[in-house]
Protein chains: 2
Amino acid sequence: MGCMDVKLLRQAAFVATLRTADALEADVAGLLKPDRLSPPLYNVLRIVAGAGAEGLRCGEIGERLISREPDVTRLVDRLARRRLVGRRRDRSDGRVVRVVMTSTGQALLDRLAGPMLALHDAQFGALPRADLERLVALLDRVHGR
Amino acid sequence: MGCMDVKLLRQAAFVATLRTADALEADVAGLLKPDRLSPPLYNVLRIVAGAGAEGLRCGEIGERLISREPDVTRLVDRLARRRLVGRRRDRSDGRVVRVVMTSTGQALLDRLAGPMLALHDAQFGALPRADLERLVALLDRVHGR
DNA sequence: TGACAATAGTTGTTGGAACGACTAAATGGG
DNA sequence: CCCATTTAGTCGTTCCAACAACTATTGTCA
């Protein structure tokens, strides 16, 4: 390992990051499937829940998503059809749509919170705190370039 | 940071991994787009190129893919339609299909090799060798659980 | 103020992904 | 040997994602 070419090492880091992310997300997808939620949908739900009662604009949701989705409208559409979020136009600026949480959506999130923590425990249980901090710091240096 | 709850830290590691992977893959997708290749297609092409002249079975391709795709057939289909790979049935076992490289596909790969290395350089240039090794080791401990 | 540009979201369309059912070939036990 | 089981790959369908064009509202500046 010590004599590995830097180019190959970068490739290895690339592949390891994508592979790991894929495995982690697949686990989450499995956990969400019984509730017919995809990881992006769950992500939107969490983001909206994190905002206050005044809700969030679609654009803000897009900025905070883990994977930048270019079509927040239809993502919110699907949640709204299931009454997991609400939608209303802003009075002061007629262009913006504010997305707000519903009690149904909050209940679903509450029910999923425990299992999600347990899953992350299983996923990262092998790493002690110090290693987790190192991992986060290294990853931040990669995509925060 | 030192006083962060371990649960939050695991969540942070989860998000950082997915965010970073998404950014890395988006860069690659941008590089591949002019050639109408998606990251999975490029991945298949590289895997087939890595095998010898005897080719690879579809199942083996699926196992080696970065993100597990459940439908290698149509992935190979698209490459075969563009003559980037060839396909022929195995004589000894009539069930298996062997996927082999074509000169067209190899030429495309050769043309992309340089830019891809340059991209990975830009992506991981901030990390010296020791940090790259640490990153790979940490990621392997996560998904190799 | 009035035309033009910028912003926020929506919608149309096309192609790819997910999931499962299905065909064909090979293996293995009775 | 033959039928059940397993293995390899294909195909049908439905839904989602990407890309771009479009509508509506607001901001800007001559």
Side-chain angles (χ1 to χ4, degrees), chain A residues 18 22 25-45 48 54-82 85-100, chain B residues 18 22 25-45 47-48 54-82 84-100:
Chain A
L18 263 62
D22 189 70
E25 188 172 27
D27 291 342
V28 168
L31 178 61
L32 296 175
K33 191 158 68 169
D35 291 295
R36 295 175 302 139
L37 281 181
S38 64
L41 286 179
Y42 173 74
N43 204 208
V44 169
L45 215 50
V48 175
E54 73 280 3
L56 227 56
R57 313 187 325 182
C58 284
E60 292 175 314
I61 295 174
E63 290 165 8
R64 302 187 192 183
L65 274 173
I66 291 181
S67 59
R68 279 178 289 317
E69 296 280 341
D71 198 353
V72 179
T73 300
R74 275 181 262 227
L75 228 43
V76 170
D77 263 356
R78 280 187 272 159
L79 292 175
R81 266 199 293 275
R82 294 169 59 185
V85 300
R87 222 174 358 177
R88 53 182 166 70
R89 236 165 231 290
D90 193 309
R91 237 178 274 281
S92 65
D93 187 339
R95 294 170 299 182
V96 317
V97 170
R98 299 215 156 265
V99 182
V100 295
Chain B
L18 263 63
D22 189 70
E25 189 172 27
D27 291 342
V28 168
L31 178 61
L32 296 175
K33 191 158 69 169
D35 291 294
R36 293 176 303 139
L37 281 181
S38 64
L41 285 179
Y42 173 75
N43 205 207
V44 169
L45 214 50
I47 289 168
V48 174
E54 73 281 2
L56 228 56
R57 313 186 327 183
C58 284
E60 292 174 314
I61 295 174
E63 290 166 6
R64 301 187 193 184
L65 275 173
I66 290 180
S67 60
R68 283 179 290 323
E69 295 281 339
D71 199 351
V72 180
T73 299
R74 275 182 261 227
L75 227 44
V76 171
D77 263 356
R78 279 187 274 160
L79 292 176
R81 266 200 293 276
R82 293 169 58 183
L84 297 174
V85 299
R87 223 174 356 179
R88 53 182 168 68
R89 231 160 237 291
D90 193 308
R91 238 179 275 282
S92 66
D93 187 338
R95 294 171 299 182
V96 318
V97 170
R98 298 213 157 266
V99 183
V100 296

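Every value quoted in this text rests on a predicted model; they were computed, and no experiment measured them. Just the heavy atoms: all of them, side chains too, but no hydrogens, waters or symmetry mates, feed the values below. Order of the sequence lines sets the chain letters (A, B, ...), proteins ahead of strands, with each chain counted from 1.
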Atom [atom1] of [X] and atom [atom2] of [N]: how far apart are they, to the nearest Å?
X	N	atom1	atom2	value
Asp93(B)	dA25(C)	CG	P	10 Å
Glu63(A)	dG9(C)	CD	P	10 Å
Arg91(A)	dT26(D)	CZ	P	13 Å
Glu60(B)	dT7(D)	CD	P	15 Å
Arg87(B)	dA8(D)	CZ	P	17 Å
Asp77(B)	dG16(C)	CG	C1'	13 Å
Glu69(B)	dA17(D)	CD	P	14 Å
Arg68(B)	dA18(C)	CZ	C1'	14 Å

Smallest separation among heavy atoms of [X] and [Y], with atom names:
X	Y	value
Ile66(A)	Asn43(A)	N-OD1, 3.0 Å
Leu37(B)	Leu32(B)	O-CB, 3.1 Å
Arg68(A)	Gly62(A)	CG-O, 4.4 Å
Asp22(A)	Ser67(B)	OD1-CB, 3.3 Å
Arg88(A)	Glu54(A)	NH2-O, 4.1 Å
Leu31(A)	Pro34(A)	O-CD, 3.4 Å

Quick test: give all pairs of protein nitrogen or oxygen and nucleotides 4-7 of chain C nitrogen or oxygen below 3.5 Å, distance rounded to 0.1 Å.
| from | atom 1 | to | atom 2 | distance (Å) |
| --- | --- | --- | --- | --- |
| dT7(C) | O2 | Arg95(A) | NH1 | 3.3 |

>> Evaluate Arg98(A) against Arg87(A) for side chain to side chain contact (heavy atoms under 4.5 Å, CB included), listing each step before the verdict.
In response: CA-CA 6 Å; Arg98(A) 299 215 156 265; Arg87(A) 222 174 358 177; over 6 Å; no
Counting only side-chain heavy atoms from C-beta out, which of [options] sits nearest to [X]?
X	options	result
Leu75(A)	dA17(D), dT10(D), dA17(C)	dA17(D)
Arg89(B)	dG9(C), dT10(D), dA17(C)	dT10(D)
Thr73(B)	dG9(C), dA17(C), dT10(D)	dT10(D)

>> Is there a side chain to side chain contact (heavy atoms under 4.5 Å, CB included) between Val44(A) and Glu69(A)? Walk through the geometry before answering.
In response: CA-CA 10 Å; Val44(A) 169; Glu69(A) 296 280 341; over 6 Å; no
> Which part of the nucleic acid, if any, lies within contact of Asp71(B), taking any heavy atom under 4.0 Å across all strands shown: a base, the sugar-phosphate backbone alone, or nothing?
Replying inline: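 Result for Asp71(B) = base.
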>> Mind checking if Ser92(B) touches a base, just sugar-phosphate, or nothing, with heavy atoms under 4.0 Å?
In response: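 Contact class for Ser92(B): sugar-phosphate only.
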> Is any side-chain N or O of Arg78(B) closer than 4.0 Å to OP1 or OP2 of dA17(C)?
Replying inline: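 The answer is yes; a side-chain N or O of Arg78(B) sits under 4.0 Å from OP1 or OP2.
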>> At less than 4.0 Å, is any side-chain N or O atom of Arg74(B) found next to OP1 or OP2 of dC11(D)? Yes or no.
In response: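 Arg74(B) to dC11(D) OP1/OP2: no side-chain N or O under 4.0 Å.
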>> Out of the candidates Leu41(A), Leu75(A), Ile61(A), Val99(A), only one should pair with Val85(A) under the side-chain contact (heavy atoms from CB on, under 4.5 Å) rule; please name it.
In response: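 Of the listed options, the one satisfying the test is Val99(A).
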> Under 3.5 Å, is there a donor-acceptor pair between the side chain of Arg89(A) and the main chain of Arg95(A)?
Replying inline: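 Yes; judged by distance alone, with no hydrogens or angles, the pair exists.
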>> What residues from residues 31-44 of chain A pass a heavy-atom cutoff of under 4.0 Å to DNA chain C?
In response: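 Heavy-atom contacts with DNA chain C come from Lys33(A).
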